[in-house]
Amino acid sequence: MALLGTQIYNDRDLLKFKNYKEYLDSLVTNDDLFYLNDKKVARQIVELGYRSIQETLSKSNFQKRREIVRNLEYPIYKPYILCSELITPTNFLQSELALRERENRLGHISTIIFLRYCIKSKIEISGYIDYAHRLETENWTVFFRNEKKLQVRSNDLGYYNTKRRKSILNKTKNYEPMIINDSKRKLAFKNTHDRHFIYVNENNLFPGIGTFRKVIRSQGYEDIVLYDHHLRSKL
């Protein structure tokens, strides 16, 4: 709710207009119509600010300020659906990611998933997944129902294919990959919200400020490591 006397409070009157045209018409006086004898011309003069006692808003400012007030007065509830809800996990990876789904969707934590596994012909795939980003861009229900295996994609944070010797690093909504010139810390991901680094090297015992590292085992994967980065504020 807007505070009394503030600009936003005063802008509540803008909600009574359906569009910019109605707003301009409200500023046209009877004298304007009498002398000009043309409502369209009177509206144009008002828009230029010549006939209005108060400041006439431009169309862009009218729309912007009206939208701000509308969102405050009638906030839009944006529900999210937990894909893991009411589904019983069948392996440890599903269980661990189900525990983290809500907090990642809310922006309380931002989890990086490291996976290493083999596909046909013993081709090894490994890489890093921005869990919160992937939650926004795909339906995870099939994963939690055990209908589809979680795999690293070439557009994830990190991707490596042993057969093709293809190594890719990508920036996502939440992380930016960083190559560090350090024998112990060769790869890190900088969180784009609080600017903290998440160090993902195996020999690094300190994964970063506010970050907790957890190694798990699950069928179908050689290695799984979860990096839970606790954000100082919501995304």
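Computed from heavy atoms alone, side chains included, the values below leave out hydrogens, waters and symmetry copies.
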Quick check for you: to the nearest 0.5 Å, what is the distance between T172 atom OG1 and H133 atom NE2? 6.0 Å
Should V215 and L150 be regarded as members of a common hydrophobic cluster, given that ILVMFWY residues are connected when their side-chain heavy atoms come within less than 4.5 Å of each other, either directly or indirectly? no
Please identify each residue that fulfils side-chain hydrogen bond (donor to acceptor under 3.5 Å, both in side chains) with T137, with sequence neighbours left out. none
Close side-chain approach of Y131 and L226, heavy atoms under 4.5 Å: no
Would you say L97 and F144 make side-chain contact, with heavy atoms under 4.5 Å? yes
How far does CZ of F62 sit from OG1 of T56, to the nearest 0.5 angstrom? 12.0 Å
Mind checking what makes side-chain contact (heavy atoms from CB on, under 4.5 Å) contact with N91, not counting sequence neighbours? L93, Q94, N146, S218
Should the pair E138-R153 be classified as a salt bridge under the 4.0 Å nitrogen-to-oxygen rule? yes
For S126, give me all partners under side-chain hydrogen bond (donor to acceptor under 3.5 Å, both in side chains), at least two apart in sequence or on another chain. none
Would you please indicate if the ring centroids of H230 and F212 are separated by under 6.0 Å? yes
If you look at every heavy atom in T192 and R195, which pair is closest and at what distance? O-NH1, 3.5 Å
In chain order, what residues pass the side-chain hydrogen bond (donor to acceptor under 3.5 Å, both in side chains) check against E103, with sequence neighbours excluded? H108
How close do D130 and K173 get, counting heavy atoms only, and between which atoms? OD2-N, 4.5 Å
Within the 3.5 Å criterion, strictly below it, is a donor on T211 or Y199 matched to an acceptor on the partner's side chain? no
Beyond-backbone contact of I109 with N104, side-chain heavy atoms, under 4.5 angstrom: yes
If you compare all heavy atoms of S84 against all heavy atoms of A98, which two are closest, and at what distance to 0.1 Å? CB-CB, 3.6 Å
So does Q219 have more than 12 non-hydrogen atoms from other groups sitting under 6.0 Å from CD? no
Single-linkage hydrophobic cluster V200~V225, side-chain heavy atoms < 4.5 angstrom: yes
Please list every donor-acceptor pair under 3.5 Å in which a side-chain atom of residues 112-120 meets a protein atom from a residue at least two apart or in another chain.
from : atom 1 : to   : atom 2 : distance (Å)
R116 : NE     : D223 : OD2    : 2.6
R116 : NH1    : E124 : OE1    : 2.9
R116 : NH2    : D223 : OD2    : 2.5
Y117 : OH     : V152 : N      : 2.9

Within a 6.0 Å radius of atom NZ on K148, are there more than 12 heavy atoms belonging to other residues, nucleotides or ligands? no
What is the ring orientation for Y128 with Y227, classed by angle as parallel under 30°, tilted 30 to 60°, or perpendicular over 60°? tilted
Any residue meeting side-chain contact (heavy atoms from CB on, under 4.5 Å) with T141, in chain and number order, not counting sequence neighbours: C83, I87, N139, R145
To the nearest 0.5 angstrom, please state how far the OG atom of S95 sits from the CD1 atom of I216. 8.5 Å
Atom pair NZ (K64) and CG (N61), whose distance is rounded to the nearest 0.5 Å: 6.0 Å
In short, salt bridge (charged side-chain N to carboxylate O under 4.0 Å, His left out) pairs touching residues 87-99 with sequence neighbours left out are E96-R100, E96-K214
In terms of hydrophobic clusters joined by side-chain contacts under 4.5 Å, are I168 and L157 together? no
How far apart are the closest heavy atoms of N191 and D194, and which atoms are they? OD1-N, 3.2 Å
For N161, what residues pass the side-chain contact (heavy atoms from CB on, under 4.5 Å) criterion, not counting sequence neighbours? I123, I125, Y159, K163, R164, K166
Assess the side chains of N174 and H229: does a donor N or O sit below 3.5 Å from an acceptor N or O? no
Joint hydrophobic cluster, L14 plus Y20, side-chain heavy atoms closer than 4.5 Å: yes
side-chain contact (heavy atoms from CB on, under 4.5 Å) for R66 and L15? Distances and angles first, verdict last. CA-CA 6 Å; R66 185 178 181 278; L15 294 176; 4.2 Å; yes
Can you name the nearest heavy-atom pair linking S167 to Y160, along with the distance? CB-CD1, 3.8 Å
If the condition is ring pair (Phe, Tyr, Trp, His ring centres under 6.0 Å), which residues does F92 pass it with, not counting sequence neighbours? none
Those residues at least two apart in sequence (or on a different chain) that pass ring pair (Phe, Tyr, Trp, His ring centres under 6.0 Å) with F143 are W140
Correct closest heavy-atom pair for D156 and R134 would be OD2-NH1, 2.6 Å
Could you state the interatomic distance from CZ (F189) to CD (E176), rounded to the nearest 0.5 Å? 11.0 Å
If two hydrophobic side chains count as joined below 4.5 Å and joins carry through other members, does I224 share a cluster with I129? yes
